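One structure is given below, encoded as structure tokens.
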Amino acid sequence: MSPAPRQLAFNFGRDLLRQINLLPRRAAAAVKPRRKATSLRRDPILEEVARMLVKRVGCHRLAKEVCVSWNPRMRTTAGVACYRTRQVVLNPKLIEISAGEVQRTLRHELAHLVAQARAGRRRIAAHGREWLEACADLGIPDEKRCHELPFKTRRLTRRHYYQCPGCETVMARVRRVKSRIACIKCCRKHNGGKYHERFRFREIAEPGDRIAA
Ligand SMILES: [Zn+2]
Ligand SMILES: [Zn+2]
């Protein structure tokens, strides 16, 4: 098996250091390859929305630099913002909740970047006056200062929960599901993508913490 390109690059770097005597042999062996970078996926469409929003509130430089990604490894955090890298990272579970939730979380996180861009080098509180002002400018004046997914912290609007008997994935719906629907992941995995009764979602009382992907 041939090593991954990342590994190759790393080894090359190590060998080079050894050749120019910056790294003793034994220490070189002890150096572990870095963990694979995160599984962030850029979203060009949301990025375009972000640029437009940020430009509209007067942050032109930030509008050029901002990037928006999804991180499938996020659990209950709805989103995060990093001013240093001008990055907003969102939890893909938001898509399952609603398109509105995606938009609101995007604005919440952008408000962090806008507030910091306006403050310059001055340190500001994460959810302080500047952030609230930015939220209002971005169209979410009533935004709460939480980053958790709404089914954990905000009032639940989803009343019906269904679970796949195969993989136990939970799906939330506002209205009762009347048609027969099965878990797409399990049907793909075990039944060639076709409907199978074995993976039909069953209604449950407790939502748990997983939502259909
Ligand atoms: Zn926040
Ligand atoms: Zn399933």
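Whatever order the structure lists them in is the order used to number ligands and atoms, beginning at 1. None of these values were measured; they are calculated from a predicted model.
- Linking ILVMFWY residues whenever their side-chain heavy atoms come closer than 4.5 Å, directly or via other members, places Leu90 and Val49 in the same cluster.
- Counting heavy atoms from C-beta on, the side chains of Arg42 and Glu47 come closer than 4.5 Å.
- Phe199 and Val177 are not part of a single hydrophobic cluster, where members link through side-chain heavy atoms under 4.5 Å apart.
- Under 4.0 Å is where a charged nitrogen must lie from a carboxylate oxygen, and between Glu197 and Arg200 at least one such pair does.
- Leu113 and Val57 fall within a single hydrophobic cluster, where Ile, Leu, Val, Met, Phe, Trp and Tyr side chains are chained together by heavy-atom contacts under 4.5 Å.
- Exactly one of Arg118, Gln116, Arg122 qualifies for a side chain to side chain contact (heavy atoms under 4.5 Å, CB included) with Glu130. That residue is Arg122.
- Without hydrogens or angle criteria, Asn191 side chain to Cys186 main chain gives no donor-acceptor distance under 3.5 Å.
- Nearby protein atoms of type N, O or S around the Zn ion (ligand 2) amount to 4 (distance under 2.8 Å).
- Residue-and-atom listing of protein N/O/S atoms under 2.8 Å from the Zn ion (ligand 1), sorted by chain and number: His108 NE2, His112 NE2, His127 NE2, His147 NE2.
- Here the CD1-OH distance, from Ile181 to Tyr162, works out to 7.5 Å after rounding to the nearest 0.5 Å.
- Partner of His127 under the side chain to side chain contact (heavy atoms under 4.5 Å, CB included) criterion, out of Glu143, His112, Lys144: His112 alone.
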